[in-house]
Amino acid sequence: MTVSNAEIASIFTQMADLLEIRGEDPFRTRAYRNAARTIENLGKDLSKMVEAGEDISKIPTIGERIANKIREIVQTGRLAKLEYLKHSFPPHLLDILKIEGIGPKRAKILYQELHIGSLDALRKAAEAHKISQLRGFSEKMEQKILKGTMLAKKEGKRFLYSVAEPHAEALETYLKKFSGAEQVTVAGSFRRRKETVGDLDILATSKDPAKLIDYFVDYPGIKEIVSHGDTRSTVILNSDLQVDLRCVQAESYGAALHYFTGSKSHNIAVRIMARDMGMKVNEYGLFKDGKRIAGATEAEMYEGVGLRYIEPELRESRGEHTAARENRLPKLVKQTRIRGDLHMHTHYSDGHNSIEEMALAAKEHGYEYIAITDHSKHMSIVRGMDEKRAREQMAEIDRINAELKGISILKSVELDILEDGSLALPDSVLKEMDLVVAAVHDHFGLTQKMQTRRILKALENPYVKILVHPTGRLIGEREPYKVNMKQLFKGVTDNGCFLEINAQPKRLDLNDIYAKRAKEAGVRFAISTDSHNAASLDYMKYGVYQARRGWLEEKDVINTLSLLKLKKLLG
DNA sequence: GCCGTTTTCGGCCCGACTGTTTTCAGTCG
């Protein structure tokens with residue numbers, strides 16, 4: 001059966017939590033957590049690897065015993081050992097670990113002394129002042145727990161990158177105004193340009209860290225100060241976004257930037273490499289025999305452990321350490337190399353601007369070309385174009401192209417792929433266009449086999465060139481539809497087609513993991529904004545970030561080509 | 001439970017903040 005990597009990782013995390021509450025060997029529980037983290041970041045489907053008979057115990061942090069457990073999970077959908085463990089505890093005990101300040105040790109005490117086995121029971125015990133009577137708990141702790149049970153449900157909320165971005169910029173501006181602040185950088189998953197951000201991790205250098213921290217906690221818009229130390233503080237903004245600030249000395253800036261940028265698994269791998277070379281890495285530097293030998297810049301930190309500099313977008317433990325050691329890191333695509341935008345709408349369908357307005361805005365962005373890709377007629381809700389209106393639009397584009405200097409408009413359409421894989425407009429009109437991009441907009445619930453066959457059939461049409469938002473997901477709102485990605489990648493290359501990386505902050509589709517796999521399968525890409533108004537042409541940067549996280553280089557992205565070369569490629 | 005050009009045994013990333021156990025454990029990132 002198909003079990004997702006996230007589900008498998010969750011099983012091992014639960015194993016670790018329960019074993020820890022039971023007081024087992026901490027290194028054994030850590031082994032489960034390491035395995036869970038590896039699986040979350042794997043980028044390949046474990047179920048499929050197992051079914052293909054691959055030796056998954058070759059994966060770092062996964063040994064023979066965990067490999068066997070993974071096989072059991074893939075075959076049966078469950079892990080007998082976890083089911084057994086769960087029987088010794090109340091079913092909702094793990095929920096109380098989500099409360100700030102409660103870890104396995106305190107959970108164990110609460111369970112053993114007061115038989116607390118759920119958030120509800122925890123709240124009632126706190127209200128009855130039973131918790132403050134336990135050894136190791138105080139009145140203050142009890143209040144903190146009570147507060148925690150009230151807001152527990154919001155746990156795990158992540159923010160779209162584009163939502164976190166204005167907060168990050170405002171905080172950076174605020175902190176830089178402080179006279180003692182020297183360098184201020186928003187690090188963490190934000191710096192890695194991850195599609196969603198759990199919190200903001202800000203790093204600053206200052207001669208007087210404590211004063212800068214004091215200034216930080218005065219930031220307007222703070223709802224709660226979680227911690228407030230001499231070099232480090234955590235606050236929660238009114239928007240519920242958590243922000244950590246860490247202050248270091250300039251000689252440690254690179255080490256701290258590395259530490260605070262993560263990812264956690266990337267950092268751990270670097271630390272282990274250092275340890276194996278007889279050195280030590282922490283947020284203050286790289287140390288040999290107790291002496292700092294690097295730390296001011298990230299580059300010298302990497303160099304110190306024998307690695308090339310690794311761009312933040314690559315720091316996800318997806319092979320970047322080996323690539324850096326062997327000097328074969330990708331030269332990541334840059335936004336400045338994007339020469340055009342190949343997906344946007346006008347008031348011919350559901351866009352809010354005219355063709356000319358979109359073209360002028362694109363020219364402002366320095367582009368050489370754009371493609372106008374209004375919806376085809378199947379999408380009645382968005383006033384899609386039939387053949388007649390498509391031809392009217394092409395005539396208008398010809399007129400504007402003749403008048404407008406400095407930018408070229410490609411005649412295009414976002415063509416609906418119907419349920420059976422046929423297309424919403426006939427070849428007779430498609431052949432008059434410069435570019436046809438195709439998309440799935442309905443019947444998301446087809447079986448994987450049917451959905452895959454549907455899309456592959458559409459790609460076989462000689463005029464279809466780009467499959468846009470290839471998996472249909474909306475971050476936090478809609479799961480991707482089921483499609484066999486390996487077959488999809490083959491269909492794309494076999495038919496001389498390309499995949500889109502859609503730059504809408506909610507789509508970012510393909511995502512980073514699939515982009516990397518597609519590239520490895522020989523696929524090339526278009527990064528486009530899918531703009532419905534002139535302002536959202538700015539979304540291009542989000543698409544480029546996602547492409548960079550997928551290890552894409554300039555040569556992998558077709559809209560870095562000149563118009564001449566692009567037209568030749570599109571045939 | 002994982003892992004190994006020092007090792008199949010004996011290690012396992014590292015440090016800040018909090019609270020209260022006056023010297024450190026628990027939690028967190």
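Quick note on labels: first sequence line is chain A, next is B, and so on, each numbered from 1. Side-chain atoms are counted along with the backbone in the values below, which use heavy atoms only and exclude waters and symmetry mates. From a predicted model like this one, the values you see are computed outputs, not experimental measurements.
Salt bridge annotation for A/E320-A/R315: absent, with no cationic side-chain nitrogen under 4.0 angstrom from a carboxylate oxygen.
Looking at which nucleotide of DNA chain B each of A/L97 and A/E64 is closest to, the 5′-most match is held by A/E64. The residue among A/T234 and A/M141 whose nearest nucleotide of DNA chain B lies closer to the 5′ end is A/M141.
Residue contacts shown for A/Q242 are limited to sugar-phosphate atoms, with no base heavy atom under 4.0 Å away. A/K69 comes within contact range of the sugar-phosphate backbone alone, with a heavy-atom separation under 4.0 Å but no base atom that close. Among the protein residues, A/P26 comes within range of no part of the nucleic acid, since none of its heavy atoms lies under 4.0 Å from any strand. Heavy atoms of A/T231 sit under 4.0 angstrom from primed sugar atoms or phosphate atoms, though from no base atom.
When both pairing distances are held under 3.5 Å, B/dT8 makes no Watson-Crick or G-U pair with any nucleotide shown.
Between the side chains of A/R65 and A/S57, no donor N or O sits under 3.5 Å from an acceptor N or O. Counted by atom type alone, A/T261 and A/R191 present one or more donor-acceptor pairs between their side chains at under 3.5 Å.
Contacts of A/H258 classified as ring pair (Phe, Tyr, Trp, His ring centres under 6.0 Å), with partners at least two apart in sequence or in another chain: A/H266, A/Y302. Considering only residues two or more places apart in sequence or on other chains, A/Y174 meets the ring pair (Phe, Tyr, Trp, His ring centres under 6.0 Å) condition with A/Y215, A/Y219.
Rounded to the nearest Å, the gap between the P atom of B/dT22 and that of B/dC28 is 22 Å. Rounded to whole Å, the C1' atom of B/dC2 lies 14 Å from the corresponding atom of B/dT7. Between B/dG15 and B/dC9, the two P atoms lie 31 Å apart (nearest whole Å). For the C1' atoms, the distance from B/dG26 to B/dT21 is 11 Å, rounded to whole Å. For B/dG4 and B/dC13, the P atoms lie 13 Å apart once the distance is rounded to whole Å. To the nearest whole angstrom, the two P atoms, one in B/dC12 and one in B/dT18, are 28 Å apart. Taking the C1' atom of each, B/dT23 and B/dC17 are spaced 16 Å apart, rounded to whole Å.
With rounding to whole Å, A/I62 atom CD1 is found 12 Å from B/dG1 atom C1'. Atom CG in A/D17 sits about 13 Å away from atom C1' in B/dT27, given to the nearest Å. Summarising the geometry, the separation between CD1 on A/I225 and C1' on B/dT18 is reported as 15 Å, rounded to the nearest angstrom. Taking atom CZ on A/R106 and atom P on B/dT21, their separation rounds to 12 Å, with Å as the unit. Rounded to an integer number of Å, the gap from CD1 of A/I109 to C1' of B/dG19 is 14 Å. To the nearest angstrom, P of B/dG1 lies 15 Å from CD1 of A/I56. When rounded to the nearest whole Å, the span between CZ of A/R191 and P of B/dG29 equals 21 Å. Counting to the nearest Å, the C1' atom of B/dT18 and the NZ atom of A/K105 are 16 Å from each other.
Each salt bridge (charged side-chain N to carboxylate O under 4.0 Å, His left out) pair with one or both residues in residues 79-91 of chain A, not counting sequence neighbours, would appear here, but there are none. Applying the ring-ring contact (aromatic ring centres under 6.0 Å, His included) test to pairs two or more places apart or on separate chains, those with a residue in residues 77-107 of chain A are A/F89-A/Y111. Evaluation of the salt bridge (charged side-chain N to carboxylate O under 4.0 Å, His left out) test over residues 253-263 of chain A, restricted to residues two or more places apart or in two chains, returns none.
A sub-4.0 Å separation between OP1 or OP2 of B/dG1 and a side-chain N or O of A/K81 is present.
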Nucleotide N/O of nucleotides 11-15 of chain B paired with protein N/O under 3.5 Å:
| from | atom 1 | to | atom 2 | distance (Å) |
| --- | --- | --- | --- | --- |
| B/dC12 | O3' | A/R275 | NH1 | 3.4 |
| B/dC13 | OP1 | A/R30 | NH1 | 2.1 |
| B/dC13 | O2 | A/R271 | NH1 | 2.4 |
| B/dC14 | O4' | A/R271 | NH1 | 2.9 |
| B/dG15 | OP1 | A/K280 | NZ | 3.2 |
| B/dG15 | OP1 | A/N282 | ND2 | 2.9 |

